[in-house]
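Below is one structure, written out as structure tokens, with a few remarks after it.
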Amino acid sequence: MDEDVVGRFRPALDQLPEQADVLLLAGDLTRHGTESEARCVATEFGGLGVPVIAVLGNHDHHCDQVPQVVKVLEDAGITVLEGDATVVEHDGIRLGVAGVKGFGGGFAGRSASAFGEPEMKAFIQTTDDSADSLAAALIGLDCDIRVALTHYAPVPETLAGEPPEIYPFLGSYLLGQAIDTAPTALALHGHAHAGSERGTTPGGVRVRNVAHPVIKQAYSVFHVGNHGP
Ligand SMILES: [Fe+2]
């Protein structure tokens, strides 16, 4: 999203409190990760009347202004997760959301491995560390319902439609393994604009690609727990 984000989602978002109890944003909130873009995001997604929880995406890292971007978003009341979690209580139900940006590496049978050059080892170590922090955040949650929020994809099914050659840059099976370490009700990710909406982790957790070009609307509503269909 760029400066043009202002006003783009707000008309739909103003109806959000009648539709949902919390809004989750799966990263790439900005186009180049500048503080000024973050201010536009804060204007568009701040003060919605429901808690807003986000992870950053690769675009949000581009200009090396992550601390500034996070501060602007958090000053607007948006919770930004990276290897940690937050709990939102609604009608006595505690919804826990654990989030990381995640990283690439690919999927079973076609994944990169920590072998050879230091650069390759660093690449996979980044994903490994990210997955470990997601697992720890999920396991550490004290809540009734767990949701995992990432930017990169945890399963290949939701990448269907993307060129197979770029799957290793769109996600990693390590994120899926992390999600399966806890009784997670739902996993949401972005990043794969030409991907598909639905997938499932090997452990049976439903995964949804909520990238805007995939859902084609301001937001999608998901019911979790026993109080909805
Ligand atoms: Fe992305």
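Read the numbers this way: they start at 1 and go in the same order the structure lists the ligands and their atoms. All residue numbers refer to positions in the sequence shown, counting from 1. For the numbers below, each heavy atom of this structure counts, side chains included, while hydrogens, waters and symmetry mates do not.
If you take OG1 on T201 and CD1 on I179, they are separated by 7.0 Å, rounding to the nearest 0.5 Å. Atoms CG and CG, from L138 and D180 in turn, are 10.0 Å apart once rounded to the nearest 0.5 Å.
Between the side chain of S196 and the backbone N or O of R198, no donor-acceptor pair lies under 3.5 Å.
Taking the ring centroids of F103 and H191, they lie at or beyond the 6.0 Å cut-off.
Applying the side chain to side chain contact (heavy atoms under 4.5 Å, CB included) test to P17 and every residue at least two apart in sequence or in another chain returns V50.
Of all protein N/O/S atoms, those under 2.8 Å from the Fe ion (ligand 1) are D28 OD2, N58 OD1, H151 NE2, H191 ND1, and waters are not counted.
Exactly one of N58, V100, T127, L170 qualifies for a side chain to side chain contact (heavy atoms under 4.5 Å, CB included) with Y152. That residue is N58.
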